[in-house]
Amino acid sequence: MLNELKNEWKETLESLLKKVLNTEDISPLTMTEPPKSELGDVAFPLFQYSRLAHKAPQAIAEELKAEVEKSAHPDGEVIIAGGYFNVKLSVQDMFSSLYEKVIGEGSSYGMNDSLKGKKIMLEFSCPNTNKPLHLGHMRNDSIGESIANILKANGAEVMKVNLINNRGVHICKSMLAYREFGSGETPESTGEKGDHFVGRYYVRFATWEKEWNEKIESARRAGDDELVKSLEESHPDKKAQAMLKDWEDGKEDVIELWNLMNKWTLDGLFESYRNMGISFDRFYYESETYKYGKSEVLKGLEQGVFYRESDGSVQIDLSPIGLDKKVLLRKDGTTIYITQDIGTAIRRHDDYPFDSLIYVVGSEQAYHFKVLFYILKQLGYSWADELYHLSYGMVNLPEGKMKSREGTVVDADDLLFELESLAKDEIVAKGREALVEDVEKTAHSIALAALNYYLLEVTPSKDMIFDPKKSISFNGDTGPYLEYMGARISSILRKAEEEGIAIDKVDGSLMKEEDELALIKLISTFPESVRKASDDYDPSVIASYLYSLAKTFSHYYHDNQIIKAETEDLRKTRLALAKMVLITLKNGFSLIGIPFLKSM
């Protein structure tokens, strides 16, 4: 709504500027935000017209002001600041219509149809079935789920997909370690969650491999070349490669073990997704798509898009995009990661003819996607131009980097449990068990708010440090703080209702406090934030907006009475303002995975 007022001023000034400059041919005005609130709400720089008018920008501004004063124009106070034509908008005048809009639209307030008719496929998470989810997956999942919500809020039809990486040499490593050292134990017999159980064997393989390398080095130092050769030929990594070949050839005992361990892992992963509030519309499995990718590569080989190297491998020349070359099929005919991505992308477009496909994957995979998109274009798929890599930076704990092969990753389940425990401690310490009723459920909601907000408040492209203790704080720039403000406003509105105060009329002219005007402006700009978050694929836009809104209301409530305001009209109008803030907060929460709590 504030944006509409700004645009009205822009149109009015452009029309009058033609008169001032005595020409119909002018470049469009640009809009900026003044550096200080006392300089207005919108600024129109006039420097670009100085040469055309042969006048200083300030002189143009003064002439334009004179024209405005004798013409019909939108409400607002004109402020000339050097070469800027600034306007302080009449915020009070828009209060009533803003209130009607927010109340009338309710949970839809802030949403738009800018992407109406667009079919967008969004891939995220994509775990391996040889280990549990870790902190890196959590950032991926939070970004993916949030982007899906934001795109839907802008009118798009979104299909969330998850590619389960359930084949490859890394999967064979955990299988091989289990076959060597498992002794028939199962997740049921050890009491472990299935993904944790399988992940333990992935770490065991790394230990086995390290021990084997030490044996080779010891034999090499002893000069026992025959032993070195024997150990190298039976190296665990070679065994894993051989197992992958057996899997691709359909060897019965390998397939049976693969099915068993995949089920264990997937059962655990799906439980984690449920706990984190993550969902998908469709799952793809690499074990099903890799063959399709292989056939596409062979087809491309026949068409001359790819070539066969002297060692028998199939490759592509990437010199047209400034890169070297890339293997697509190994010399033994086995596929690599990019092969299955080729097949998966093609199958997805067949399944769901998307207008765009967004891959939420770490920034370290930028090369991979540059190559993938190029290959698909070379294969003649026009929709390859609509593929986008939404990259995000690394996430670590204050202690340092995570390494899954060494078993030093931050486990997603453990981290969520830690956050829940910290939340419970906070509830008990403040003596609020009776108020929240279900302590476990509330602690889980607070943990999700802490997790999602902390992961999303940073622009996706940036690396970040996740600090569990800071994330769970009820004060400052955190998810629990936002939840608390939502609960606080809910309490105010409940108390007003209990006292029989009905918001049956509002008077925007009573909104005179600086924080009141700031809140009105913030509420009115929420739709712009939703649009910008979609345009930029950046949930941090929403996170930052929500913190500004909550912090401003907190300051306002600290300094001003609402239910005990001086007059009945002021009381009702301030309650209307609080109600608008609450609706806007709740709508924003839904975009970044913050559960709404009526009481905390």
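None of the values given here were measured: they were computed from a predicted structure.
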When you check the gap from the basic side-chain N to the acidic O, do R204 and E209 get nearer than 4.0 Å? no
Would you say the ring centers of Y178 and F205 fall short of 6.0 Å from each other? no
Which donor-acceptor pairs under 3.5 Å do side chains of residues 451-464 form with protein atoms, sequence neighbours excluded?
{"unit_1": "N452", "atom_1": "OD1", "unit_2": "S142", "atom_2": "OG", "d": "2.7"}
{"unit_1": "N452", "atom_1": "ND2", "unit_2": "L448", "atom_2": "O", "d": "3.3"}
{"unit_1": "N452", "atom_1": "ND2", "unit_2": "G593", "atom_2": "O", "d": "2.8"}
{"unit_1": "Y453", "atom_1": "OH", "unit_2": "D477", "atom_2": "OD1", "d": "2.3"}
{"unit_1": "Y453", "atom_1": "OH", "unit_2": "A543", "atom_2": "O", "d": "3.3"}
{"unit_1": "D463", "atom_1": "OD1", "unit_2": "M394", "atom_2": "N", "d": "2.7"}

List the atom of L151, the atom of I120, and the distance in Å for their closest heavy-atom pair. CD1-CG2, 3.9 Å
Working for salt bridge (charged side-chain N to carboxylate O under 4.0 Å, His left out), residues E296 and K299: CA-CA 5 Å; E296 284 293 328; K299 192 189 300 179; 3.3 Å; yes
Any sub-3.5 Å donor-acceptor pair from T334's side-chain atoms to R330's backbone N or O? no
Taking the side chain as every heavy atom from C-beta outward, state whether E145 and I592 have any pair of such atoms under 4.5 Å apart. no
Determine whether more than 12 heavy atoms belonging to other residues, nucleotides or ligands lie under 6.0 Å from atom CD of E214. yes
So, K215 and E211, do they make that salt bridge, N to O below 4.0 Å? no
Value for CD1 (I446) from OG (S471), rounded to nearest 0.5 Å, stands at 11.5 Å
Would you please name every residue forming a side chain to side chain donor-acceptor pair (under 3.5 Å) with Y374, sequence neighbours left out? none
With a 3.5 Å cut-off and no angle check, do the side chains of E185 and S183 form a donor-acceptor pair? no
Under 3.5 Å side-chain donor-acceptor pair for K131 and T265: no
Is it true that a side-chain atom of N262 and a backbone atom of T129 form a donor plus acceptor pair closer than 3.5 Å? no
Is there side-chain contact between M243 and M175, with at least one heavy-atom pair below 4.5 Å? yes
Using a cut-off of 6.0 Å, state whether more than 12 heavy atoms not belonging to K152 lie near its atom NZ. yes
Can you classify the ring geometry of H368 versus Y337 as parallel (below 30°), tilted (30 to 60°) or perpendicular (above 60°)? tilted
Is a side-chain N or O of T339 found less than 3.5 angstrom from the main chain of I336, in a donor-acceptor match? yes
Using the ring of each side chain (for Trp, its six-membered ring), is Y273 parallel, tilted or perpendicular to F283, with breaks at 30° and 60°? tilted
Indicate whether any N or O donor in one side chain lies under 3.5 Å from an N or O acceptor in the other, for S391 and S363. no
Exceeds 12 heavy-atom contacts within 6.0 angstrom, atom CD of E364: yes
Identified side chain to side chain donor-acceptor pair (under 3.5 Å) counterpart of E248 within the set K291, K294, R167: R167
Residues passing the side chain to side chain donor-acceptor pair (under 3.5 Å) test with E157, sequence neighbours excluded, are Y352
Report the C-alpha separation of K193 and S272 in whole Å, then their side-chain angles, then the decisive distance to 0.1 Å, and conclude whether the side chain to side chain donor-acceptor pair (under 3.5 Å) test is met. CA-CA 10 Å; K193 196 160 160 276; S272 296; 2.7 Å; yes
Please list all pairs passing the salt bridge (charged side-chain N to carboxylate O under 4.0 Å, His left out) test where one or both residues lie in residues 235-245, with sequence neighbours left out. K173-D237, K245-D249
Would you check if the side chain of S421 reaches a backbone N or O of F417 as a donor-acceptor pair within less than 3.5 Å? yes
Can a donor-acceptor pair be found, under 3.5 Å and without considering hydrogens, that links the side chain of H137 to the backbone of H134? yes
Mind checking side-chain contact (heavy atoms from CB on, under 4.5 Å) for S287 and listing every partner two or more places apart, or none if nothing turns up? N166, W247, W258, Y285
With salt bridge (charged side-chain N to carboxylate O under 4.0 Å, His left out) as the test, would you mind laying out the steps for R282 and D351 before giving the verdict? CA-CA 10 Å; R282 180 158 186 171; D351 294 342; 3.3 Å; yes
Within the supplied structure, the quantity of interest is the number of heavy atoms (other residues, nucleotides, ligands) at a distance under 6.0 Å from K532 NZ; does it exceed 12? no
For residues F466 and P398, report the shortest heavy-atom separation together with the two atoms involved. O-CD, 3.3 Å
Check for a donor-acceptor pair, side chain of N162 on one end and backbone N or O of C126 on the other, with a separation under 3.5 Å. yes
With sequence neighbours left out, the residues meeting side chain to side chain donor-acceptor pair (under 3.5 Å) with K377 are D385
Centres of the F124 and F280 rings: under 6.0 Å? yes
Relative to the ring of Y381, is the ring of W383 parallel (under 30°), tilted (30 to 60°) or perpendicular (over 60°)? tilted
Which pair of heavy atoms, one from P127 and one from L133, lies closest together, and at what distance? CB-CD2, 3.8 Å
Is there a side chain to side chain donor-acceptor pair (under 3.5 Å) between H196 and D413 once you walk through the steps? CA-CA 10 Å; H196 290 248; D413 297 319; 2.8 Å; yes
Flag the pair Y201 / W264 as yes when their ring centroid distance falls below 6.0 Å, and as no otherwise. no
So, are K331 and E309 salt-bridged, with charged N and O less than 4.0 Å apart? no
Assign the ring pair W208 / F181 to parallel, tilted or perpendicular, where the plane angle (0 to 90°) is split at 30° and 60°. perpendicular
N140 side-chain N/O to S125 backbone N/O, donor-acceptor pair under 3.5 Å: yes
Does S473 reach the main-chain N or O of K470 with its side chain, forming a donor-acceptor pair under 3.5 Å? no
T478 side chain to Y481 main-chain N or O, any donor-acceptor pair under 3.5 Å? yes
May I ask you to check if K119 and F354 form a cation-pi contact, with NZ or CZ under 6.0 angstrom from the six-membered ring centre and within 45° of the axis? no
Work out which heavy atom in V327 is nearest to a heavy atom in I338; give both atom names and the distance. O-CG2, 4.3 Å
Salt bridge (charged side-chain N to carboxylate O under 4.0 Å, His left out) between K424 and E440: does it pass, once the steps are laid out? CA-CA 7 Å; K424 274 189 274 189; E440 295 290 331; 3.2 Å; yes
